[in-house]
Peer 1: 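Have a look at the structure that comes next, please.
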Number of protein chains: 2
Amino acid sequence: MYYPGPLNKLITALGKLPGIGPKTAQRLAFHLLNTSDSEAQGLATAIMEAREKIHYCSICGNFTSEDICRLCADSNRDRTIVCVVEEVRDVIALEKTNQYRGLYHVLNGVISPMDGVGPDKLRIKQLLTRLQEGEIKEVVLATNADVEGEATALYLANLLKPLSVKVTRLAYGLPVGGDLEYADQVTLARAFTGRHIIE
Amino acid sequence: MYYPGPLNKLITALGKLPGIGPKTAQRLAFHLLNTSDSEAQGLATAIMEAREKIHYCSICGNFTSEDICRLCADSNRDRTIVCVVEEVRDVIALEKTNQYRGLYHVLNGVISPMDGVGPDKLRIKQLLTRLQEGEIKEVVLATNADVEGEATALYLANLLKPLSVKVTRLAYGLPVGGDLEYADQVTLARAFTGRHIIE
């Protein structure tokens, strides 16, 4: 009511983004009106271009602008190990550690009956197809350490049991730099169970 | 490095928005890739449309999609009083009070030597032109209550002194619902100075 039509539309469109409330949407809209032509146009073009050119890697489900993603195409990576993650952003997080040199498989979600997401909605069939090729020796289940991630890991572990492939799960324990005093009981218990000999 | 080109571009473009850091930009970009076509396209179109159709009202400087804004065009509003504000969003804030029925004048900034903004960069000349028409009897200076807003109000008050027009400033005092104990000294002193007889 207070704004002219096109401005109202812009505020509404911005308000649909996650974590952007009405006040922030208004602030962003005002910024987009006051900023340079190139910045505003740049954003609009970037949205359209990304939508057009970015799609899922046909092998692992990562984002790519090619047919298969940079990681799957990289011949230097270890093709005998696959790390199963929930979302593309988990791939980025793991890549930033510079620790892991194998391949990935993005499930594109997590089993969550509350949200109506069953195993059939995830990219599990594609994982099985990859395993059937026989090159993969180990599957690392790197879903989140919450209830849904845990359930999905358990489901996959059971599913992969008949196959002659090693199935592992990321370690639980104290976060590095974490204080024993402030760790929750479950984490502490898991850290205790998972204790290892100092070499 | 971690993302394909078009996704990287989108994250960079989103990261230029005020208050959007790299993590949020990444989250928004991922959302824009995963959401429906209509939502993503809607945002891109809304940005371009708003940039194209929204401009400043030729009289008061408010945003409008017409030549003059809804408020200036409204014949029911009191044309003898003009409220001078810093930004368009201040117009919205004052309109929401449903208290004021006069016209506005948006300065489009505030005098701030630190940022290199002098009086000549503000819409002060346009204000003087409006005053010369003779219809306006009162100018309410409604710039912010901070140093720059205060300086701008003082500058305008001096500038308008020779003209036969009443110049007023918004009242200082306790915010409604505010606790005396938590009010800062300056506000409290101003509230004391501005005390009035209960009728």
Side-chain angles (χ1 to χ4, degrees), chain A residues 1-20 23-24 26-37 39-57 62-66 69-71 87-89 91-93 95-96 108, chain B residues 1-20 23-24 26-37 39-57 62-66 69-71 87-89 91-93 95-96 108:
Chain A
M1 326 176 291
Y2 297 112
Y3 308 102
L7 180 53
N8 229 340
K9 251 193 214 167
L10 178 57
I11 293 174
T12 312
L14 287 165
K16 281 184 189 159
L17 296 174
I20 306 288
K23 273 269 173 187
T24 311
Q26 181 189 315
R27 191 163 47 85
L28 294 179
F30 278 45
H31 171 81
L32 283 170
L33 283 178
N34 282 321
T35 190
S36 66
D37 256 339
E39 190 187 325
Q41 207 146 31
L43 177 57
T45 319
I47 294 171
M48 297 311 290
E49 261 193 31
R51 289 287 297 191
E52 198 180 296
K53 292 191 186 156
I54 298 284
H55 45 256
Y56 295 113
C57 168
N62 190 4
F63 281 139
T64 176
S65 51
E66 314 294 324
C69 77
R70 193 178 53 82
L71 299 170
E87 305 284 352
V88 174
R89 55 173 167 263
V91 173
I92 315 290
E95 275 302 283
K96 281 186 179 162
N108 219 351
Chain B
M1 327 174 290
Y2 297 111
Y3 309 102
L7 180 53
N8 229 340
K9 250 193 214 164
L10 177 57
I11 293 173
T12 311
L14 287 166
K16 281 184 190 159
L17 296 174
I20 306 287
K23 275 268 174 188
T24 311
Q26 181 188 314
R27 192 163 46 84
L28 293 178
F30 278 46
H31 170 81
L32 283 169
L33 283 178
N34 283 322
T35 191
S36 65
D37 256 340
E39 190 188 326
Q41 207 147 31
L43 177 57
T45 319
I47 293 171
M48 297 310 291
E49 260 193 32
R51 289 287 297 193
E52 197 181 297
K53 292 191 186 156
I54 299 284
H55 44 257
Y56 296 113
C57 167
N62 190 4
F63 281 140
T64 177
S65 51
E66 315 294 326
C69 78
R70 193 179 53 81
L71 298 169
E87 305 284 351
V88 174
R89 55 172 168 265
V91 174
I92 315 288
E95 275 302 284
K96 281 186 179 161
N108 219 352

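Here is how names work: the chains are called A, B, and so on, in the same order as the sequence lines, proteins then strands, and each is numbered from 1.
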Peer 1: Is it the backbone or the side chain of A:Val91 that comes under 4.5 Å from a heavy atom of chain B, or both, or neither?
Peer 2: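 For A:Val91, no heavy atom lies under 4.5 Å from chain B.
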Peer 1: Heavy-atom pairs under 4.5 Å with chain B: which of A:Gly42, A:Ala40, A:Pro18, A:Ala46 has the most?
Peer 2: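 Among the listed options, the one with the most contacts to chain B is A:Pro18.
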Peer 1: Using non-hydrogen atoms only, which part of A:Thr35 is less than 4.5 Å away from chain B: side chain, backbone, both, or neither?
Peer 2: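 Both parts, backbone and side chain.
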Peer 1: Checking A:Gln26 against chain B: side chain, backbone, both or neither under 4.5 Å from a heavy atom?
Peer 2: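 The answer is the side chain of A:Gln26.
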Peer 1: Given that the side chain runs from C-beta out, which part of A:Ile20 has a heavy atom under 4.5 Å from chain B: side chain, backbone, both or neither?
Peer 2: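 Looking at A:Ile20, just its side chain touches chain B.
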Peer 1: With a 4.5 Å cut-off on side-chain heavy atoms, are B:Leu10 and A:Ile54 touching?
Peer 2: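 A side-chain contact is absent here, since even the closest heavy-atom pair is not under 4.5 Å.
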Peer 1: Starting at OG1 of A:Thr24, measure out to CG of B:Leu17 and round the result to the nearest 0.5 Å.
Peer 2: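 That separation rounds to 11.5 Å.
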Peer 1: Do you know which of B:Ala13, B:Cys69, B:Gly19, B:Ala29 has the most heavy-atom pairs under 4.5 Å to chain A?
Peer 2: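 Option with the top pair count is B:Ala13.
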Peer 1: Name the member of A:His55, A:Met48, A:Glu52 that forms the most heavy-atom pairs with chain B at distances under 4.5 Å.
Peer 2: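 It is A:Met48.
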Peer 1: For the side chain of A:Arg51 and the backbone of B:Leu32, is there at least one donor-acceptor N/O pair under 3.5 Å apart?
Peer 2: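 Here the side-chain-to-backbone pair exists.
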Peer 1: Please say whether more than 12 non-hydrogen atoms of neighbouring residues, nucleotides or ligands are located less than 6.0 Å from CZ in B:Arg89.
Peer 2: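 No, the 6.0 Å shell around CZ holds no more than 12 heavy atoms from other groups.
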Peer 1: Give, as side chain, backbone, both or neither, the part of B:Glu39 having an atom under 4.5 angstrom from any heavy atom of chain A.
Peer 2: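 Only the side chain of B:Glu39 comes within 4.5 Å of chain A.
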Peer 1: Let's test your reading of the structure: which of A:Asn62, A:Leu14, A:Ile11, A:Asp37 forms the most heavy-atom pairs below 4.5 Å with chain B?
Peer 2: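 Among the listed options, the one with the most contacts to chain B is A:Asp37.
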Peer 1: Pick from B:Lys96, B:Gln41, B:Glu49: which one has the most heavy-atom pairs with chain A under 4.5 Å?
Peer 2: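 Among B:Lys96, B:Gln41, B:Glu49, the one with the most close pairs to chain A is B:Lys96.
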Peer 1: For the interface with chain A, which of B:Glu95, B:His31, B:Lys9 has the highest count of heavy-atom pairs at distances below 4.5 Å?
Peer 2: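 Looking at each of B:Glu95, B:His31, B:Lys9 in turn, B:His31 comes out on top.
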Peer 1: Locate the shortest heavy-atom distance separating B:Leu33 from A:Ala50; write the atom from each residue and the value.
Peer 2: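 Minimum heavy-atom contact is CD2-O, 3.5 Å.
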Peer 1: Give, for atom CD1 of A:Ile92 and atom CG of B:Leu7, the distance between the pair rounded to the nearest 0.5 Å.
Peer 2: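 It is 7.5 Å, given to the nearest 0.5 Å.
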